[in-house]
Number of protein chains: 2
Amino acid sequence: MTAAAPAEPDTRARLVTATAALLQRQGYESTSVKAILTEAGATYGSLYHFFPEGKEQLAAEALRFGAEDFAALLRRGLESSDDLDTAVANCAIVLAESLRESEWLDGCPVAATALEIIGRSPLIQQASDESLNAWRALIAERLVRGGVPAHAAADLACTILSTLEGAELISRVAGDDEALRIAATHLRLLTAAVRQSA
Amino acid sequence: MTAAAPAEPDTRARLVTATAALLQRQGYESTSVKAILTEAGATYGSLYHFFPEGKEQLAAEALRFGAEDFAALLRRGLESSDDLDTAVANCAIVLAESLRESEWLDGCPVAATALEIIGRSPLIQQASDESLNAWRALIAERLVRGGVPAHAAADLACTILSTLEGAELISRVAGDDEALRIAATHLRLLTAAVRQSA
DNA sequence: ATCAATCTAGATCGATCGATCTAGAAGAAG
DNA sequence: CTTCTTCTAGATCGATCGATCTAGATTGAT
């Protein structure tokens, strides 16, 4: 019964991408193993062959995988203009466009999952932490390239990410892009202010 | 039909506060009805007497209740100084102190729950939206009082809340107050910049 | 004192949870 | 071919999920 999918990719890879998609949309506890298997077109046997530690191990790997998608989104914003302030502001715009495409159902790949397992799954929490730090580094690198001193860049990158994450939460709950549009203008302003004060 | 009855029984209130505490810490799906009943010292009978629609109805009410705690926290920050920029920055500091007290386990009363039910429970999503808007209004009011024009204040309040929410996420995942401390300095800078440009 | 409304108690329901297990298909190596 | 390893299939497990139900306790009005 394997002939259904034409040129089917790795079962393992399908499990990871399916899990990443479900975690992004509805978090950890709402995502049942059965739903993952259905979405991935796999079975229990395969899952526990590749991930002996079960759902938790699979989720941790899926978060790291999903983090790459979000990084690509950030990169698109950060490289969208030679002007640093514009590039930073565009991160919020690009994010808003991406969220709208799923009608605000698919969000940051780690936020929903991270918030519900804090203090209860070190494995997943660490994967979340690594993802956030990677995004932060990505932003910081662009800030440095745009002329922000290294230490100020690390801090500013942190706040940019904070603002993006928070504005995403507010936008998704409200079902409109207001918070992200506002964040765009304020991030532009903040970036300019930091550069002047540095 | 009993609106705001004057002599409210203990049990109902205990259910709401217990639910608020659990939702804040671990979100919606991870919080079982049984855990709520244990924490509240109540039984199924009581729960479904007061909340015929069950867990979802109880959660929506608990979110509105928990929102008041967070509002009090914000108020403490906003009134902590006559200087507007300092007051805004102190919101992040006060939040960091509060989170640390629970060792980063108890966060924003709506974030975890909201993120996992977006698009799946209009009842809870609306309660979340109302809470976020109430906090935003609280901040905006202080901004106006501090000299920010009304329209600019509404927008700035939105970004302040976004940044606080996002920095809280990052701080809780990392288990330290770095993101919130950084947010404090940048929110001060941003508030000053907005006032100058207005 | 009586009675109806209000509130509490908890056994029990079917559904679903994540996990485990045995069985066998598919490929590679000899 | 045989044999060993890798991967898939899905039945089944005990636990727990949210919800429902009947029955009993408490209360307030008359």
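Lettering follows sequence order; numbering is per chain, from 1.
In this structure, CD1 of Ile36(A) is placed 13 Å from C1' of dA19(C), rounded to the nearest angstrom. If you take CG of Leu15(B) and C1' of dA9(C), they are 14 Å apart, rounded to a whole angstrom. In this structure, His49(A) places its NE2 atom 16 Å from C1' of dA23(C), rounding to the nearest Å. Gln57(B) places its CD atom 14 Å from the C1' atom of dG18(D), with the value rounded to the nearest Å. Nucleotide dT12(C) holds its C1' atom 15 Å from the CG atom of Leu37(B), rounded to whole Å. Rounded to a whole Å, the CD atom of Glu53(B) is 16 Å from the P atom of dG18(D). Atom OH in Tyr44(A) sits roughly 18 Å away from atom C1' in dC7(D) (whole-Å rounding). The distance from atom CZ of Phe50(A) to atom P of dT20(C) is 18 Å, rounded to the nearest whole Å.
Comparing dA19(D), dG18(C), dT8(C) against the side chain of Thr43(B) picks out dT8(C) as the nearest.
Look at Glu116(A) and Arg25(B) and you find no salt bridge, because none of the NZ, NE, NH1 or NH2 atoms lies under 4.0 Å from a carboxylate O. In this structure, Arg100(B) does not pair ionically with Asp176(B), as no charged nitrogen and carboxylate oxygen lie closer than 4.0 Å. Salt bridge annotation for Glu141(B)-Arg136(B): absent, with no cationic side-chain nitrogen under 4.0 angstrom from a carboxylate oxygen.
At the phosphate of dT20(D), neither OP1 nor OP2 sits under 4.0 Å from any side-chain N or O atom of Tyr48(B). Between Thr11(B) and dC7(C) there is no side-chain N or O to OP1 or OP2 distance below 4.0 Å.
Toward the 5' end of DNA chain C, the nearer of the two residues Glu29(A) and Gly45(A), judged by each one's closest nucleotide, is Glu29(A). Mapping Lys34(A) and Leu47(A) onto DNA chain D via the closest heavy atom, the residue that lands nearer the 5' end is Leu47(A).
Near DNA chain C, meaning a heavy atom under 4.0 Å away, there are no residues from residues 113-122 of chain A.
Contacts of Ser30(A) with the nucleic acid, taken as non-hydrogen atoms under 4.0 Å apart, are absent.
Using a 4.5 Å cut-off on side-chain heavy atoms (C-beta onward), Thr19(B) and Thr31(B) make no contact. With a 4.5 Å cut-off on side-chain heavy atoms, Val110(B) and Trp135(B) count as touching.
Under a cutoff of 6.0 Å and an axis angle of 45°, Lys55(A) and Tyr28(A) form a cation-pi pair.
Ser121(A) places no side-chain N or O within donor-acceptor distance of the main-chain N or O of Ile117(A), the cut-off being under 3.5 Å.
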